[in-house]
Amino acid sequence: MSLMQKKLDDLMQKRDQARLGGGQERIDAHHGKGRLTARERLDLLLDAGSFEEFDMFKTHRCHHSGMQEKIFLGDGVVTGYGTVDGRLVYVYAQDFTVLGGSLSETLAEKICKVMDLAVKNGAPVIGLNDSGGARIQEGIEALAGYSEIFLRNVMASGVVPQISAIFGPCAGGAVYSPALTDFIVMVKNNSYMFLTGPKVVKSVTHEDVTVEELGGADMHASQSGVADYAAENGLDALAYVKSLLSFLPQNNMENAPVVLSGDPPDRRDEGLNALIPDNPNEAYDMQEVIGRTVDNGDFFEVKAKFAPNIITGFGRYNGQSVGMVANQPMHLSGVLDINSSIKAARFVRFCDCFNIPVVTLVDVPGFLPGTNQEYNGVIRHGAKILYAYAEATIPKVTVVIRKAYGGAYCVMSSKHLRGDINYAWPSAEIAVMGGKGAVEVLYSREARETADPAAFLAAKEQEYSDTMVNPYIAARRGYIDDIIEPARTRFRIIKALEMLKNKRDTNPMKKHGNIPL
Ligand code: HXC
């Protein structure tokens, strides 16, 4: 055997050892919990044969607390780059079989290396998380490692898309790197995120709570809004990440890929002409408007379970990727509240970072009144959505489907916030407030002086509705560019987006704005 052959054999043996992570026994235990290993996840995410790995031989530098006996090649994370549907992505996948995927100084260095490359080369970073947090034996070095990652998350924000998938525990400081990324996907019954676990919660607040209740995928997808999607299993989570990537550009200097679908741009949809109920207080499903207008009905929703009174997600019009924001009359009549404002604001800002036009479908009776909302800061949080639409320089196309009352009219990508094209259906109700409220303010005193106050107010309400609640007053001012036939909504949106393809708009020079956080 030549010397070279011996060296090659040694290399292969070391590679095999690195690929085993924490060893077969731990891999089996991991599988036993219904979880895939870091490498299996990467295999499922990336195009076959595309993965190029870095730092397979890297090991930690901790020589106390018995750590000199616990050295694993690769040190608990698999890093590198590959392609998803032929497009470059940088990846890291934490390996729970190695010291619980805990984060050491060297493990952080591996993650930072791919993040730096992603920013320099303009491609998304996808982190597959499965970690017990900072490696306790290392202490401050591990904390320093986390901080280096956080810094890079912030620097990369708005430069390249960052996506986190959570497959197992994500505790302590481990939650903050995902929190700084653009999207978080969690796996139901198998992943959780929290700052402190149930035992600490019990000792501090005396609450009895399970990991699932405290930080499970369903909770974060529906209550806290931390997660964008609660996947059924690991496969589902990775499929979600892949679909999401298909709507996104590689970086902030590029546009999203055009994916032609064969769906004719001028396809009419007669069903839309019959969608709006005669009774203005009756709900209809805004998903219908989205589904019937986007290419092949293909809509990719984000944060579906959180604040469902507003819908956010991606679709395509004639192949062009867009962010959709739409009030949902099926939930709380589509009202704007704290959570829906935060949800939509963050989504619009993401689209603005990455040159993705936003199409806004409006049916909103106003902001939700009440002490609960006021005490929790609906003024501050409601301002976020206003801020996001106003600062966004991407193409903004808006269609008022039905209600656009009061402040909510202003907020939902109105002309006054630099909406580029603002259409309305003939069913649009654009006014400062609904007829009942307006008449009570304006005519209560006069009504009391009549023989039949109720009849008087009803007549006034009818008069107000006939004259003030329609799209024509706004159209007369040019705040609405045209009143369109619902059946032709798809075509009109496509024409508008094509017209706006080369839009350039800027904001005043500044270090950064001060969005009401
Ligand atoms: C070192 C760790 C570890 C850690 C787990 N391990 N977490 N080693 N540092 N943080 C090791 C375990 O000792 C064990 O090794 C192996 O990984 C598997 O862990 P188990 O506990 O057997 O697994 P499981 O029962 O599934 O429990 C997983 C777990 C639990 C819930 C994550 O390990 C746990 O509670 N870990 C600590 C979580 C935590 O408090 N993290 C916060 C750190 S402080 P052996 O060899 O025994 O099998 C932090 C602050 C950062 O993150 C702040 C930045 C801002």
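Counting starts at 1 for both ligands and their atoms, following the listed order.
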Distance-only side-chain donor-acceptor flag, [X] / [Y], under 3.5 Å:
{"X": "Asp9", "Y": "Gln13", "value": "no"}
{"X": "Asp85", "Y": "Ser246", "value": "no"}
{"X": "Asp47", "Y": "Thr83", "value": "yes"}

For ligand 1, what N or O to protein N or O distances fall under 3.5 Å?
| from | atom 1 | to | atom 2 | distance (Å) |
| --- | --- | --- | --- | --- |
| ligand 1 | 9 (N) | Ile136 | N | 3.1 |
| ligand 1 | 10 (N) | Gly132 | O | 3.1 |
| ligand 1 | 10 (N) | Ala134 | O | 2.9 |
| ligand 1 | 17 (O) | Gly100 | N | 3.0 |
| ligand 1 | 26 (O) | Lys33 | NZ | 3.1 |
| ligand 1 | 41 (N) | Gly132 | O | 2.7 |
| ligand 1 | 46 (O) | Arg26 | NH2 | 3.2 |
| ligand 1 | 48 (O) | Arg26 | NH1 | 2.8 |
| ligand 1 | 48 (O) | Arg26 | NH2 | 3.2 |
| ligand 1 | 52 (O) | Ala134 | N | 2.9 |
| ligand 1 | 52 (O) | Gly173 | N | 3.2 |

>> I want to check something: taking the side chain as every heavy atom from C-beta on, are Leu238 and Leu128 in contact at a cut-off of under 4.5 Å?
In response: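 They are in contact (side-chain heavy atoms under 4.5 Å apart), so the answer is yes.
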> Does Phe314 have its ring centroid less than 6.0 Å away from the ring centroid of Phe347?
Replying inline: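 They qualify: ring centres under 6.0 Å apart.
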> Short question: side chain of Asn309, backbone of Ser333 - any donor-acceptor pair under 3.5 Å?
Replying inline: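 Such a contact is absent between Asn309 side chain and Ser333 backbone.
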